Amino acid sequence: MPDAITVPVAVKPATQPDASAAPAKGAKLRTSSFKVPGEGSSGTISVVTVLALLVLWAVVTNIGWIKPLFLPSPRAVFQQFYEYLTGQANDKPLWQHFLASMFRVFSAFLLACAAAIPVGIAMGMSRWARGIFDPPLEFYRPLPPLAYLPLIIIWFGIDELPKVLLIFLSCFAPLALAARSGMRSASQEQMNAAYSMGASYMQVIRHVILPSALPDILVGMRIAIGFGWTTLVAAEMVAANVGLGQMVLNASNFLRTDIVIMGIIVIGVVAYLFDLLMRWTERRLVPWKGRM
């Protein structure tokens, strides 16, 4: 039998990695040019935007494109802010208006939290509660506060109660609906896992469902406080002699647009600062939001 013929096979040399293409030691490896939607801080962009709007406002008013009656200059608005802040204005000092409005808004907001969140939790857990509270809630929720303001005045007079009640009603609906929606956030797998470890029905609600509902409840609180500040001017139409909304309304009667814009800026800044506080609270209480 003839000897086997050995056929030489060419072996391809191993490719040596290019040292220049290797990432530097300690450098972050970038696998894609795409980022997560909304990734990154927007603080610098917001500051630049605000500064650009202020510059545009100053330019438009100084050139004279818009009359001061319709849009006063930033200097005139700041002058009114300084006079109200130091008590030189022909009105109550700014801190009195501010404290009166803060009392009305935050007392109504806290009462709405105490009442609406349990109602929303009950609506999310019980069909009886949902059947009882859902019709009146959905009926009055789209109504503007000015629609039922005369009825509140007839029923409760013109003291502090109708003002607080009007803001309370504007905060109640978004809080209750947010709590109701949050009660559906816990997955069935999470609840079954708790039951399998011996948890009772109330323990599942306390340790599984309520923590899952907390992000939605906090979002509802942010929305509710925004509605509260929006209703402030309407609430202080009810025979108020002090308050930021009353200050704006009184200035509008005399065509003092500089005071009107100053009051609007103060209301907006306070609402924005509280929204920032709510965002910080949300990051502290629910750090897992958006990461699951």
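If you're wondering where the values come from, they're calculated on a predicted model, not measured in any experiment.
The number of heavy atoms from other shown groups lying within 6.0 Å of CZ (F274) is above 12. Counting heavy atoms of neighbouring residues, nucleotides and ligands inside a 6.0 Å radius, atom CZ of R206 does not exceed 12 of them. Open room surrounds OH on Y82; 12 or fewer heavy atoms of other groups in view lie less than 6.0 Å from it.
A heavy-atom distance below 4.5 Å is found between the side chains of L175 and C113. The closest side-chain heavy-atom distance from M125 to I209 is below 4.5 Å. At a threshold of 4.5 Å between non-hydrogen side-chain atoms, the residues I261 and W57 count as touching. Within the 4.5 Å cutoff, side-chain heavy atoms of R130 are placed close to those of R180. Within the 4.5 Å cutoff, the side chain of L169 has heavy atoms near those of the Y148 side chain. Within the 4.5 Å cutoff, the side chain of W229 has heavy atoms near those of the V105 side chain. Counting heavy atoms from C-beta outward, I158 and I153 have side chains that approach closer than 4.5 Å. Contact annotation: the side chain of L276 approaches that of Y272 to within less than 4.5 Å [non-hydrogen atoms, C-beta and beyond].
Taking both residues in full, the closest heavy atoms of L146 and A234 are given as CD2-CB, 3.8 Å, listed atom of the first, atom of the second, then distance. The two residues G220 and A178 make their nearest non-hydrogen contact at CA-CB, 3.5 Å. Here the closest non-hydrogen pair linking G228 and S170 is CA-OG, 3.9 Å. When all heavy atoms of C171 and A112 are compared, the pair lying nearest together is CB-CB, 3.7 Å. Between A179 and I217 the shortest heavy-atom distance is CA-CG1, 3.9 Å. Of all heavy-atom pairs between P215 and S212, the closest is CD-O, 3.4 Å.
Rounding to the nearest 0.5 Å gives a distance of 10.0 Å between CG of D91 and CD of Q80. From Y84, atom OH reaches atom NZ of K92 across 10.0 Å, with rounding to the nearest 0.5 Å. The line from CD1 of I267 to CE of M262 is 10.0 Å long, rounded to the nearest 0.5 Å. Atom CG of L177 and atom CZ of F133 lie 13.0 Å apart (nearest 0.5 Å). To the nearest 0.5 Å, the span separating CG on L244 from CZ on R104 amounts to 9.5 Å. To the nearest 0.5 Å, atoms CG (D275) and CE (M221) are separated by 11.5 Å.
Under the 30°/60° scheme for interplanar angles, the aromatic rings of F172 and Y140 are found to be tilted.
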Test side chain to side chain contact (heavy atoms under 4.5 Å, CB included) on V270 and M102 and set out the steps. CA-CA 9 Å; V270 173; M102 290 286 286; 4.0 Å; yes
- Item | Derivation of the side chain to side chain contact (heavy atoms under 4.5 Å, CB included) call for L94 and F81 | CA-CA 8 Å; L94 183 62; F81 177 76; 3.6 Å; yes
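Linking ILVMFWY side-chain heavy atoms closer than 4.5 Å, directly or via other members, places I264 and V77 in two distinct hydrophobic clusters. When the side chains of ILVMFWY residues are joined at heavy-atom separations under 4.5 Å, either directly or via intervening members, L71 and F254 end up in two distinct hydrophobic clusters. Follow the hydrophobic side-chain contacts under 4.5 Å out from V260 and you never reach I66; the two are in separate clusters. L85 and V248 sit in two unconnected hydrophobic clusters of ILVMFWY residues. Membership requires side-chain heavy atoms under 4.5 Å apart, directly or through other members. Cluster membership check: V242 does not share its hydrophobic cluster with V233, using side-chain heavy-atom separations under 4.5 Å among Ile, Leu, Val, Met, Phe, Trp and Tyr.
With T257 contributing its side chain and L69 its backbone, the two residues share a donor-acceptor pair below 3.5 Å. In this structure a side-chain-to-backbone donor-acceptor pair under 3.5 Å is present from T61 to A58. Between the S126 side chain and the A122 main chain, no donor and acceptor come within less than 3.5 Å of each other.
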Donor-acceptor contacts, no H, no angles, side chain residues 46-53, under 3.5 Å, sequence neighbours left out:
{"unit_1": "S46", "atom_1": "OG", "unit_2": "S42", "atom_2": "O", "d": "3.0"}
{"unit_1": "T49", "atom_1": "OG1", "unit_2": "I45", "atom_2": "O", "d": "2.7"}

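Under 4.0 Å is where a charged nitrogen must lie from a carboxylate oxygen, and between R279 and E282 no such pair does.
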